[in-house]
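For reference, the structure is listed below as structure tokens.
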Number of protein chains: 2
Amino acid sequence: MNSAQVRKDLSYLDPPGVRGVGYNVAALRELLRRELGLTRKYRVAIAGAGNMGTALTVYPGFVESGFEIVAVFDTDEQKIGMDIGGVKVASLDSLEQLSRASRATIGIIATPAEAAQAVADRFVAAGIRSILNFAPAVLEVREGVKVRRVDLTSELQILAYHLAVERD
Amino acid sequence: MNSAQVRKDLSYLDPPGVRGVGYNVAALRELLRRELGLTRKYRVAIAGAGNMGTALTVYPGFVESGFEIVAVFDTDEQKIGMDIGGVKVASLDSLEQLSRASRATIGIIATPAEAAQAVADRFVAAGIRSILNFAPAVLEVREGVKVRRVDLTSELQILAYHLAVERD
DNA sequence: TAGATTGTTAATCGATTAACAATC
DNA sequence: TAGATTGTTAATCGATTAACAATC
């Protein structure tokens, strides 16, 4: 990536630059944050309070970046009512109701693969249009709903590929 | 992606195709698996036995894809000796020794951000050349070492971007 | 031969980069 | 004016795709 590329990309946003002088860095930073949608707060609901769901709930990076975990769901009676990083685990039965009530706009799926599609359907029914899926499953959702999959196996396979290439 | 793209890509691998007939699917599948380095087993060491490290250790997708967790490390005396999915948690002090002894080739960092760089250095010292980093930290490693970062915050930010775009 | 499908060439498309005019 | 740096145009580069020859 060179300076021409940077200038070209920035030029689409009508950046706060002055020829011969430079960019106003603070203003540029704010422009980019605004343009990338990072100036707002987002409320996140997490399905699954296992190790992965718990790790995500207490992940410090989320809060720092304006993401607030507003609900955590699980089916395990033992876990319901437990406090995880300040959030009380709720029954999966209350997913639609509580997701709506807490005005979550992003749903995270940290359930076993078998439950992932049903949870996705319920998130969508609750009005959620952005889903982050950690379960090793490919989800079908209707148009207008955005799903991102964090595919842990693929990550390792990419590293394995590089090891294989090195060896040859 | 269209058929021309697929044929073009496959053509680099001298695929088992016959004009007018088609590809030998089983042979093609094996060619791709071999070419992608997916036919070998890989031994993986995990640093950090918190929620994330535990989730990764018991993640069913890894075993299915030929990745074997051979060591898990933590600093917490309470955790050392504990069994997680058939692996005994070892002291972080033994990282180099045990990583070598277990012939791990991939290291996963699931520690707090503060510890990540030191752990990476020690994985490299133990001969590991591929690292998957879940800590919210950018790692410096010498040439020849491959680091992939799973950036959970970025994943949410990408979803947030799409929400922002929809709204406009 | 007619129909099908791969492998490859050439055309097209889009993204990157070099160059430079427009400024301060 | 000389030096610096942005914004934009045009050239270059590389990737995708259309087209078709080579087969079975």
Side-chain angles (χ1 to χ4, degrees), chain A residues 1-39 130 132 138-141 143-151 153-168, chain B residues 1-39 130 132 138-141 143-151 153-168:
Chain A
M1 171 148 307
N2 60 21
S3 67
Q5 181 79 76
V6 172
R7 289 202 301 284
K8 182 113 243 246
D9 288 357
L10 291 180
S11 74
Y12 291 103
L13 306 176
D14 186 21
V18 182
R19 293 176 190 220
V21 176
Y23 293 101
N24 179 331
V25 175
L28 183 58
R29 186 184 136 87
E30 274 315 294
L31 172 64
L32 288 172
R33 281 178 47 79
R34 207 163 47 242
E35 206 65 42
L36 292 170
L38 268 30
T39 52
S130 286
L132 187 59
V138 176
L139 302 178
E140 303 277 347
V141 292
E143 189 161 328
V145 179
K146 181 89 190 166
V147 174
R148 281 187 69 80
R149 168 141 177 240
V150 176
D151 187 337
T153 300
S154 291
E155 298 292 336
L156 283 191
Q157 286 177 338
I158 291 165
L159 286 173
Y161 173 76
H162 285 286
L163 285 175
V165 170
E166 300 273 304
R167 191 170 37 232
D168 302 337
Chain B
M1 169 147 310
N2 61 23
S3 68
Q5 182 78 76
V6 172
R7 289 201 302 282
K8 182 113 242 244
D9 289 357
L10 291 181
S11 73
Y12 291 103
L13 306 177
D14 186 22
V18 181
R19 293 178 189 217
V21 176
Y23 293 101
N24 179 331
V25 175
L28 182 59
R29 187 185 137 88
E30 273 318 293
L31 171 64
L32 288 171
R33 281 178 48 81
R34 206 164 47 241
E35 207 65 41
L36 293 170
L38 267 29
T39 51
S130 285
L132 187 59
V138 177
L139 302 178
E140 304 277 346
V141 292
E143 188 160 329
V145 179
K146 182 87 192 167
V147 174
R148 281 187 68 81
R149 170 145 175 238
V150 176
D151 188 335
T153 300
S154 290
E155 298 293 336
L156 282 191
Q157 286 177 337
I158 291 165
L159 286 174
Y161 173 76
H162 284 285
L163 285 175
V165 169
E166 301 272 304
R167 190 171 36 233
D168 301 337

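Naming convention: chains lettered A, B, ... in sequence-line order (proteins, then strands); numbering from 1 in each chain.
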- Item | Whole-Å distance separating the CE atom of A/M1 from the C1' atom of C/dT17 | 12 Å
- Set of side chain to side chain contact (heavy atoms under 4.5 Å, CB included) partners for B/V18, sequence neighbours left out: B/V21
- Note on the structure: Hits for side chain to side chain donor-acceptor pair (under 3.5 Å) against A/S154, two or more places apart or cross-chain, chain-then-number order -> A/D151
- CG of A/L38 to CG of B/L156, rounded to nearest 0.5 Å, is 10.5 Å
- Message: Distance check needed: D/dG7 P versus A/L10 CG, whole Å only.
- Response: 8 Å
- Please check the phosphate of C/dT16 (OP1 and OP2 only) for any side-chain N or O of A/N2 closer than 4.0 Å. no
- Minimum heavy-atom distance between A/E35 and A/L13, given as atom pair plus value: CG-CD2, 3.5 Å
- Shortest non-hydrogen contact between B/P16 and B/L31, atoms and distance: CD-CD2, 3.9 Å
- Item | Residue pairs fulfilling salt bridge (Lys or Arg N to Asp or Glu O under 4.0 Å) with at least one residue in residues 3-15 of chain A, sequence neighbours excluded | none
- Query: Of all residues at least two apart in sequence or in a different chain, which pass the salt bridge (charged side-chain N to carboxylate O under 4.0 Å, His left out) check with A/R148?
  - Reply: B/E155
With the criterion being N/O to N/O and under 3.5 Å, what pairs connect the protein with nucleotides 11-14 of chain D, and how long is each?
none

- Item | With A/V6 via side chain to side chain contact (heavy atoms under 4.5 Å, CB included) - residues at least two apart | A/M1, A/L10
- Task: Would you write the dot-bracket representation of DNA chain C, where each base gets (, ), [, ], | or . depending on whether it forms a Watson-Crick or G-U pair under 3.5 Å and with which partner?
- Result: ..||||||||||||||||||||||
- Numerically ordered, the residues 23-36 of chain A set in heavy-atom contact under 4.0 Å with DNA chain D is A/Y23
- Under 4.5 Å between any side-chain heavy atoms of B/Q157 and A/L36, yes or no? no
- Message: From CG of B/D14 over to C1' of C/dT8, roughly how many Å is that when rounded to an integer?
- Response: 14 Å
- Query: Rounded to the nearest Å, what distance is computed from the NZ atom of residue B/K8 to the C1' atom of nucleotide C/dT6?
  - Reply: 14 Å
- Item | Atom of B/G37, atom of A/A164 and distance for their closest heavy-atom approach | CA-CB, 4.0 Å
- Note on the structure: In B/S/- notation (B base, S sugar-phosphate only, - none; protein heavy atoms under 4.0 Å), nucleotides 19-24 of chain D written 5' to 3' is B-BBBB
- Check the distance between D/dT8's P and A/D9's CG and give it to me in whole angstrom. 13 Å
- Item | A/Q5 CD - D/dT6 C1' separation (whole Å) | 16 Å
- State, to 0.1 Å, how close A/Y23 and A/G17 come at their nearest heavy-atom pair, and which atoms those are. CD2-CA, 3.6 Å
- With sequence neighbours excluded, give me every salt bridge (Lys or Arg N to Asp or Glu O under 4.0 Å) pair touching residues 20-31 of chain A. A/E30-A/R33
